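What you are looking at is a predicted structure, and each value in this text was computed from that prediction instead of being measured. So you know, we letter chains A, B, ... as the sequences are listed, proteins then strands, and number each from 1.
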There are 2 protein chains.
Amino acid sequence: MVATLGTRARILDVASRLMMRQGYEGTAIKQIATEAQVALSSVYHFFPGGKQGLATEAVRHADEHFAQMLQDALASKDDPAEAVVALAWVVAEYLRDSDWQDGCPITATALETVGRIPEIQQAVEVAFERWRGLVADKLRRSGFAEADAQELAHTVINTLEGAELSAQVSRTPEPMEIAGRHLARLINSYR
Amino acid sequence: MVATLGTRARILDVASRLMMRQGYEGTAIKQIATEAQVALSSVYHFFPGGKQGLATEAVRHADEHFAQMLQDALASKDDPAEAVVALAWVVAEYLRDSDWQDGCPITATALETVGRIPEIQQAVEVAFERWRGLVADKLRRSGFAEADAQELAHTVINTLEGAELSAQVSRTPEPMEIAGRHLARLINSYR
DNA sequence: GTCTATAACGAGATAGAC
DNA sequence: GTCTATCTCGTTATAGAC
């Protein structure tokens, strides 16, 4: 499957995976080239913007990937509160299956570069907005008021974000389970 | 004030501040030495454990500093829900005052090193546990059941953590305000 | 404890042949 | 588009004088 990907796509895949685990500064282009099985010069051929340009596109790549997962999880349940619990579960399994290595694909890069590399920061902002938009949509379609839906979307994404980090550090799914339950309770308190 | 600090303390201060903004991999020991106005060799003199050892102690240093702030903010209000709102506000002001540069002092380092540098990961885990403990204490003293207090403490810390990142990326206090309101609502739903 | 100097290595990035 | 080779710089870390 990976072998059928084009060179450019393979580079992006490997780059986003490595930056998820090691961050932007901790990931060398040489390592990306090696793991993607391409020559170093090929990376610069496809990404003339250098490391910053590559990282920016890797964030966009991860954004789309994560948004797809988010959308699928939310669509698995009709009730929005149940859907958020399902989402928390999916993420928890994803975490455990990777031995607590793979969390949010862009957080590490975001934290290292915020206020320092505008190009990357903007890609992160776009991603967060998209993810919140998907959650807000789900709530809106279930009859939630516009303002409530938008505010709840903020907290759903932010709480899951924090819980993911906590789960990674403690190597237990508990923070994700608690987050799912509390978010469902919060959502249900608005109707 | 900074000038009156001992050399070792000054190194820790600068190290934790820089690692908060740039992460572990993005912070060079040379930069720490320069900004702390000490010789490079002095850093290795005080921290023979090298960069990993220094980072571990920097996390512990930031832990204590942040715990103090947390405790003060929580103590500013008698009611636990109001106290959490106050905490969110204090953090939001701290963020804005630093032009959205200074968020949680250990998150960036945590994400880069989780699953890769056990020494640092453990210091992060201890910090998170301490912070949760302070919130749980506040709730317990207000009559919340033990289990509820512990679970709520998880979500309070995790939600603030995620909201901080969101506020930094979007450069607005809105995520913190929403987080404060939602957390208060969640807490109040338990009594 | 702090100074200067430097070793050993890996980083980002580029050149030019093919 | 990919190969090999290389440049330049910054990194962690250490040595030895003072």
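- Side-chain contact check for Met19(A) versus Val59(A): every heavy-atom pair is 4.5 Å or farther apart.
- Between Arg185(A) and Asp148(B) no salt bridge is recorded (no basic side-chain N to carboxylate O distance below 4.0 Å).
- Regarding Ile32(B), its CD1 atom lies at a distance of 17 Å from the P atom of dG10(D), rounded to whole Å.
- Straight-line distance from the CD atom of Gln37(B) to the P atom of dC3(C): 11 Å, rounded to whole Å.
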Apply salt bridge (charged side-chain N to carboxylate O under 4.0 Å, His left out) to Arg17(A) and Asp13(A), showing your working. CA-CA 6 Å; Arg17(A) 202 190 72 234; Asp13(A) 238 44; over 6 Å; no
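- The hydrophobic clustering, which links ILVMFWY residues whose side-chain heavy atoms are closer than 4.5 Å, places Phe46(A) and Leu18(A) together.
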Its contact letters, B for base, S for sugar-phosphate only and - for none at protein heavy atoms under 4.0 Å, make nucleotides 11-18 of chain C read SSBBB---
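- The closest side-chain donor-acceptor pair between Ser170(B) and Glu125(A), if any, does not fall under 3.5 angstrom.
- A straight line from CZ of Phe46(A) to P of dC3(D) spans 11 Å, rounded to a whole angstrom.
- Using modelled atom types, one finds a donor on one side chain and an acceptor on the other under 3.5 Å when comparing Gln150(A) with Glu146(A).
- Here dT2(D) presents its C1' atom at 16 Å from CZ of Phe47(A), a figure rounded to the nearest Å.
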